Amino acid sequence: MARNKKIDKALKNNGKKSFMLSKPLFTLAVICLGIYSIFSMISHQIQISDIKEESEELSAKITEARQLNDEYVRLLSADDEAAYMERIAIEKLGYAYPNERRFYIVEKN
């Protein structure tokens, strides 16, 4: 019986030691989880702000493209459509009529 008491006492002391060790480990784990959560939230907020900024830039590009498209539609629906298309073909695309020679003035800087 004396042996059993020693074993019981050792088990009780061992249980107290494991409890004493587990409490700081649990506290450390909670602190680490809290720090990770804070950094995670900050990271997500930065990503959200970057995505919002990108979205605003894309919205501006869409608005600009729509305005340009409306301008093209207006120009193509004008009465002088053939003259406009001819001017674009000559000026921007470099087209010319058959047997026509175009000379361009090149300025030296």
Side-chain angles (χ1 to χ4, degrees):
M1 277 248 197
R3 252 186 172 174
N4 288 340
K5 286 182 181 181
K6 285 184 180 180
I7 293 172
D8 288 341
K9 188 175 183 181
L11 289 175
K12 285 181 183 179
N13 288 339
N14 195 15
K16 286 181 183 178
K17 286 181 184 177
S18 67
F19 177 73
M20 295 296 276
L21 289 175
S22 67
K23 188 174 182 181
L25 289 177
F26 178 74
T27 305
L28 181 63
V30 169
I31 290 171
C32 290
L33 182 63
I35 291 171
Y36 172 77
S37 298
I38 290 170
F39 281 120
S40 179
M41 285 191 302
I42 291 171
S43 173
H44 286 118
Q45 289 298 322
I46 291 171
Q47 287 178 349
I48 288 170
S49 66
D50 289 344
I51 290 172
K52 282 183 179 179
E53 184 177 316
E54 185 179 339
S55 173
E56 290 172 359
E57 289 174 5
L58 290 175
S59 294
K61 285 182 180 180
I62 288 171
T63 303
E64 183 180 326
R66 284 184 178 157
Q67 289 174 349
L68 188 60
N69 189 38
D70 291 343
E71 178 69 18
Y72 288 149
V73 168
R74 185 187 64 77
L75 289 172
L76 289 174
S77 65
D79 293 335
D80 199 29
E81 180 179 331
Y84 170 75
M85 292 175 77
E86 180 180 355
R87 186 179 54 140
I88 294 296
I90 292 170
E91 292 176 3
K92 297 202 178 201
L93 300 175
Y95 288 173
Y97 286 106
N99 299 326
E100 179 183 28
R101 296 174 114 181
R102 295 215 171 256
F103 297 96
Y104 297 98
I105 299 172
V106 178
E107 295 179 17
K108 291 184 179 179
N109 292 335

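What you see is a predicted model, and the numbers here were worked out from it, not measured in a lab.
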Asks: Taking atom CD as the centre, does Glu71 end up with more than 12 heavy-atom neighbours from other residues, nucleotides or ligands that are less than 6.0 angstrom away?
Replies: yes
Asks: Given Glu64 and Lys61, is the salt bridge (Lys or Arg N to Asp or Glu O under 4.0 Å) satisfied, shown in steps?
Replies: CA-CA 5 Å; Glu64 183 180 326; Lys61 285 182 180 180; over 6 Å; no
Asks: Decide whether Ile88 and Tyr95 are clustered together by the hydrophobic rule: side chain heavy atoms of Ile, Leu, Val, Met, Phe, Trp, Tyr closer than 4.5 Å, transitively.
Replies: no
Asks: Between Thr63 (side chain) and Ser59 (backbone), is there a donor-acceptor pair under 3.5 Å?
Replies: yes
Asks: Can you give me the closest heavy-atom contact between Ser49 and Ile46, atom names plus distance?
Replies: OG-O, 2.8 Å
Asks: To the nearest 0.5 Å, what is the distance between CD1 on Ile48 and CD on Gln45?
Replies: 4.5 Å
Asks: How long is the gap from CG on Asn69 to CD on Gln67, to the nearest 0.5 Å?
Replies: 11.0 Å
Asks: To the nearest 0.5 angstrom, please state how far the CD1 atom of Ile42 sits from the OG atom of Ser37.
Replies: 11.0 Å
Asks: CD1/Ile62 to CD/Glu57 distance, rounded to the nearest 0.5 angstrom?
Replies: 12.0 Å
Asks: Nearest 0.5 angstrom please: Leu33 CG to Ile38 CD1, how far?
Replies: 10.0 Å
Asks: Could you measure the distance from the OG atom of Ser55 to the CD atom of Glu53? Nearest 0.5 Å is fine.
Replies: 10.5 Å
Asks: Please answer: with hydrophobic residues joined when any side-chain heavy atoms are less than 4.5 Å apart, are Phe39 and Ile31 in the same cluster?
Replies: yes
